[in-house]
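For reference, the structure discussed in these notes is given below.
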Amino acid sequence: MTAPTTSAPPLAVAGLSVRYGRRIALDDVSLSVAAGSVYALLGLNGAGKSSLVRCLLGLRRPESGSATLFGRDVWSHRAAVLGEIGVVPEEPDAPPTLPVGEIARFAARIHPKFDRTGFDDRLRRFGVPANVPFGRLSKGQKGQVALALALAPSPRMLILDDPTLGLDAKARRSVFEELIGELAERGNTVFLTTHELVAVEGIADRVGILRDGRLLVDEDLESLRARFRRLRFTRPNDGDAVVDRALADLSPVSVERRPWGVEAIVSAFVEERWTQLAGRADLGSPEVEAVRLEDLFLALVEPTGASIEPRGAA
């Protein structure tokens, strides 16, 4: 067996491509996750998130490229690497007739480091009864059990595939609160796919955005916040053309014409350039504000979203 590369990141994919017949699910995707960080992969349904997770778990062999965990190719060394990670799938699954407590006892026999006390504590915080068969739990409770099972062996890394999809607001909050608490206590490495953009904005260090199988963004969240801005221009007497020329240097990813003027989200905001624009008499009194991750995401993934080059290891 090939020894792991000690300097390798905990998770990395390089040139990953996946096809289902003629449909391209992933197209030459490359990214990596630093130790102790939280990487959030975002994308609409069908963007390729679950295909990437399947490759990371050794459930799908890519057409080209590689997926590695702790420096080992997942497809070649699946048993070795999966023993070091905790997984919360999009659809949690367990024997439906088995009570949750029995599932924990079975898991403890497999994982020598299984923390049964910690597992039981999480169930109490979640309000999930240990004596109820798994199949009779609500979807939210099943997800909470899956998270408790994933955390109990103290894994080196967590992989969570949209863990709050379909959950009510209370269940979603409990999952993210538990995850935040775990990160604060242990500093786990986390790879997360999700639709919960507001929650992600509070915990992610780095963000990837997929659209139609291609990685549009792979960047530190702080860097994204710095270079994306929402700009508003009151329509000048000379029409929109003067605004369009002013926006060109700031790389707009969305431009909306309003009755009162022009609103745009730009991906190359530079303070010095903005100061110059704000001082121009022909642009009136333009306004600038920070962009929420949700607005940035929608501007990029909607059909009119611009194709921008990822900043890589920025």
Worksheet entry | Residue pair Val53, Ile159: steps toward the side chain to side chain contact (heavy atoms under 4.5 Å, CB included) verdict | CA-CA 8 Å; Val53 170; Ile159 295 180; 4.3 Å; yes

Fill in: Pair Val207-Glu219, side chain to side chain contact (heavy atoms under 4.5 Å, CB included): steps then yes or no
CA-CA 6 Å; Val207 171; Glu219 194 166 344; over 6 Å; no

Worksheet item: Can you list the steps and then say if Val253 with Val266 is a side chain to side chain contact (heavy atoms under 4.5 Å, CB included)?
Response: CA-CA 6 Å; Val253 296; Val266 300; over 6 Å; no

Worksheet item: Please walk me through it: do Thr189 and Arg156 pass side chain to side chain contact (heavy atoms under 4.5 Å, CB included)?
Response: CA-CA 7 Å; Thr189 303; Arg156 294 173 63 187; over 6 Å; no

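Atom CZ of Arg61 has 12 or fewer neighbouring heavy atoms from other residues, nucleotides or ligands inside a 6.0 Å radius. Shown here is Arg125, whose CZ atom has more than 12 heavy atoms of other residues, nucleotides or ligands within 6.0 Å. Environment of CZ in Arg78: crowded, with over 12 heavy atoms of neighbouring residues, nucleotides or ligands closer than 6.0 Å. Heavy-atom contacts from other residues, nucleotides or ligands closer than 6.0 Å to CG of Asp212 number 12 or fewer.
You'll find the side chain of Leu247 reaches within 4.5 Å of the side chain of Leu231, heavy atoms only. By the 4.5 Å heavy-atom criterion applied to side chains, Leu147 and Arg122 are not counted as neighbours. Two residues are said to be in side-chain contact when any heavy atoms from C-beta on lie closer than 4.5 Å; Pro92 and Phe134 meet this criterion. Annotation: side chain of Glu84 is in contact with side chain of Phe70 (closest heavy-atom distance under 4.5 Å). A heavy-atom distance below 4.5 Å is found between the side chains of Asn45 and His195. You'll find the side chain of Glu91 stays beyond 4.5 Å of the side chain of Lys142, heavy atoms only. Using a 4.5 Å cut-off on side-chain heavy atoms (C-beta onward), Val87 and Asp161 make no contact.
Salt bridge absent: Arg257 and Glu263 never bring a charged side-chain N and a carboxylate O closer than 4.0 Å. Salt bridge Asp120/Arg124: absent, no basic N to carboxylate O contact under 4.0 Å. Glu271 has no carboxylate O lying under 4.0 Å from a charged side-chain N of Arg273, or vice versa, which leaves the two without a salt bridge.
Interatomic distance, CG of Leu11 versus CG of Leu56, reported as 5.0 Å (0.5 Å rounding). Between the CD1 atom in Ile209 and the CG atom in Leu215 there is a gap of 9.0 Å [rounded to 0.5 Å]. The OG1 atom of Thr193 lies 4.5 Å from the CG atom of Asp162; values are rounded to the nearest 0.5 Å. Interatomic distance, CG of Leu179 versus CG of Asn188, reported as 8.5 Å (0.5 Å rounding). Taking CG of Leu26 as the start and CZ of Arg60 as the end, the distance is 9.5 Å to the nearest 0.5 Å. Distance check: Glu63 CD to Asp28 CG gives 13.0 Å after rounding to the nearest 0.5 Å.
Counting only residues at least two apart or in different chains, ring pair (Phe, Tyr, Trp, His ring centres under 6.0 Å) contacts with residues 140-164 are absent. Counting only residues at least two apart or on different chains, the ring pair (Phe, Tyr, Trp, His ring centres under 6.0 Å) pairs with a member in residues 37-58 are Tyr39-Phe191.
For Arg173, there are no side-chain hydrogen bond (donor to acceptor under 3.5 Å, both in side chains) partners, not counting sequence neighbours. Partners of Phe176 according to the ring pair (Phe, Tyr, Trp, His ring centres under 6.0 Å) rule, which considers only residues two or more places apart in sequence or in another chain, do not exist here.
Residues Thr68 and Asp73 bring no donor and acceptor atom of their side chains to less than 3.5 Å of each other. A donor-acceptor contact closer than 3.5 angstrom is absent between the side chains of Asp220 and Ser223.
Summarising the geometry of Val18 relative to Cys55, their closest heavy-atom pair is CG2-SG, 3.6 Å, with the distance given to 0.1 Å.
Cluster partners of Ile110, by chain and number: Phe106. The rule joins Ile, Leu, Val, Met, Phe, Trp and Tyr whenever side-chain heavy atoms lie under 4.5 Å apart.
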Sequence neighbours left out, cut at 3.5 Å: what donor-acceptor pairs do the side chains of residues 286-294 make with other protein atoms?
residue: Glu289; atom: OE1; partner: Arg232; partner atom: NH1; Å: 3.1
residue: Glu289; atom: OE2; partner: Arg230; partner atom: NE; Å: 3.3
residue: Glu289; atom: OE2; partner: Arg232; partner atom: NH2; Å: 3.4
residue: Arg292; atom: NE; partner: Asp295; partner atom: OD2; Å: 3.2
residue: Arg292; atom: NH2; partner: Asp295; partner atom: OD1; Å: 3.1
residue: Arg292; atom: NH2; partner: Asp295; partner atom: OD2; Å: 3.3

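Under the side-chain contact (heavy atoms from CB on, under 4.5 Å) rule, Val217 has a single partner from Leu300, Leu210, Leu42, which is Leu300.
In this structure, Arg229 satisfies the cation-pi test against Phe269, with its NZ or CZ atom closer than 6.0 Å to the six-membered ring centre and inside 45 degrees of the ring normal.
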